[in-house]
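Encoded as C-alpha cells, the structure appears first; notes follow it.
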Amino acid sequence: MKNKPYLTLDDVKRIAAAAEAEALANKWAVCIAIVDDGGHLLWLQRLDGTAPISSQIAPNKARTSVLGRRESRIYEEMINQGRVSFLSAPGLEALLEGGVPIMVDGHCVGAVGVSGVKSTEDAQIAKAGIAALGLAG
C-alpha cells in the first residue's frame, strides 16, 4: 500500500485566497473552483461581476485538469490542431485553458479551474493560487 498527499481545508483556503488576490489585483471578475483528486468540488467562489456561466465552466475546467492530470489547455490545443475526436472524450466537459493540476511529489492531489476572463488570464490566476502552497502550477 502506498501513501499519497491530499489537500486539506487549510490548503484549499490558501489556494483560494491567493487566486482571489491575483484576480482582484488585476481587476478581473472570475469564478474560482478547486477540486480534489477525484474531481469533487471543494471550493467555489464567484467574484462580484462575474458572469453566471463561469460558475459552471470553472469547476469543469478543474475536473478536466485533475482527471487528465494535465492543464486543460492541452486538450484545447489538441482540438485546435485538428484532433476534434477529443470533443467526445467521456467526463471532460471544459476543454479550455484555465484548469491547472496541483502536483505534489508526482501525485495529482487536485486542480484549480478559473473562468471569467481570457483563458491565459484564467490560468494565471489558477497558477497564482497553487503557488501559495509553494508549488509550481
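- With respect to R14 and D10, a salt bridge is recorded, a charged nitrogen being found less than 4.0 Å from a carboxylate O.
- With a 4.5 Å cut-off on side-chain heavy atoms, Q45 and L47 count as touching.
- A donor-acceptor pair is defined here as one N or O able to donate and one able to accept, closer than 3.5 Å; such a pair exists between the side chain of R63 and the backbone of G39.
- Here the closest heavy-atom approach between residue G129 and residue A18 is recorded as CA-CB, 3.9 Å.
- In terms of heavy atoms, N3 sits closest to H107 at O-NE2, 4.0 Å.
- Using modelled atom types, no side-chain atom of T64 and backbone atom of L92 make a donor-acceptor pair closer than 3.5 Å.
- A side-chain N or O of D11 and one of T8 form a donor-acceptor pair less than 3.5 Å apart.
- Taking the side chain as every heavy atom from C-beta outward, V30 and S115 never approach each other to under 4.5 Å.
- The CE atom of M78 sits 12.0 Å away from atom CZ of R73, with the distance rounded to the nearest 0.5 Å.
- Of all heavy-atom pairs spanning A62 and G113, the tightest one is CB-N, 3.5 Å.
- No side-chain heavy atom of R69 sits under 4.5 Å from any side-chain heavy atom of P101.
- When all heavy atoms are compared, the tightest approach of I15 to L133 is CD1-CD1, 3.5 Å.
- Just one residue in the list I130, I125, V35 forms a side-chain contact (heavy atoms from CB on, under 4.5 Å) with V112, and that residue is I130.
- Salt bridge K61/E76: absent, no basic N to carboxylate O contact under 4.0 Å.
- For the side-chain contact (heavy atoms from CB on, under 4.5 Å) test with Q124, the passing option among N26, V117, V114, V100 is N26; the others fail.
- When side chains are defined from C-beta on, V66 counts as touching C108, because their heavy atoms get closer than 4.5 Å.
- Summarising the geometry of L44 relative to C31, their closest heavy-atom pair is CD1-SG, 3.3 Å, with the distance given to 0.1 Å.
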Q: Show the numbers, then the answer: is there a side-chain contact (heavy atoms from CB on, under 4.5 Å) between S72 and L96?
A: CA-CA 6 Å; S72 57; L96 307 164; 5.6 Å; no
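- L42 and I57 sit in two unconnected hydrophobic clusters of ILVMFWY residues. Membership requires side-chain heavy atoms under 4.5 Å apart, directly or through other members.
- Within 6.0 Å of the CZ atom in R83, the count of heavy atoms belonging to other residues, nucleotides or ligands does not exceed 12.
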Q: Assess whether side-chain contact (heavy atoms from CB on, under 4.5 Å) is satisfied between D36 and V109, documenting all intermediate values.
A: CA-CA 6 Å; D36 68 10; V109 299; over 6 Å; no
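- Contact check on K4 versus D37 returns a salt bridge, with a Lys/Arg side-chain nitrogen under 4.0 Å from an Asp/Glu carboxylate oxygen.
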Q) Which is it for L9 and K13 under the side-chain contact (heavy atoms from CB on, under 4.5 Å) test, yes or no, and what are the steps along the way? A) CA-CA 6 Å; L9 181 57; K13 288 179 178 180; 3.8 Å; yes
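- No continuous path of ILVMFWY side-chain contacts below 4.5 Å connects Y6 to L67, so the two sit in separate hydrophobic clusters.
- Summarising the geometry of R46 relative to S55, their closest heavy-atom pair is CD-OG, 3.1 Å, with the distance given to 0.1 Å.
- In this structure a side-chain-to-backbone donor-acceptor pair under 3.5 Å is missing from E77 to I74.
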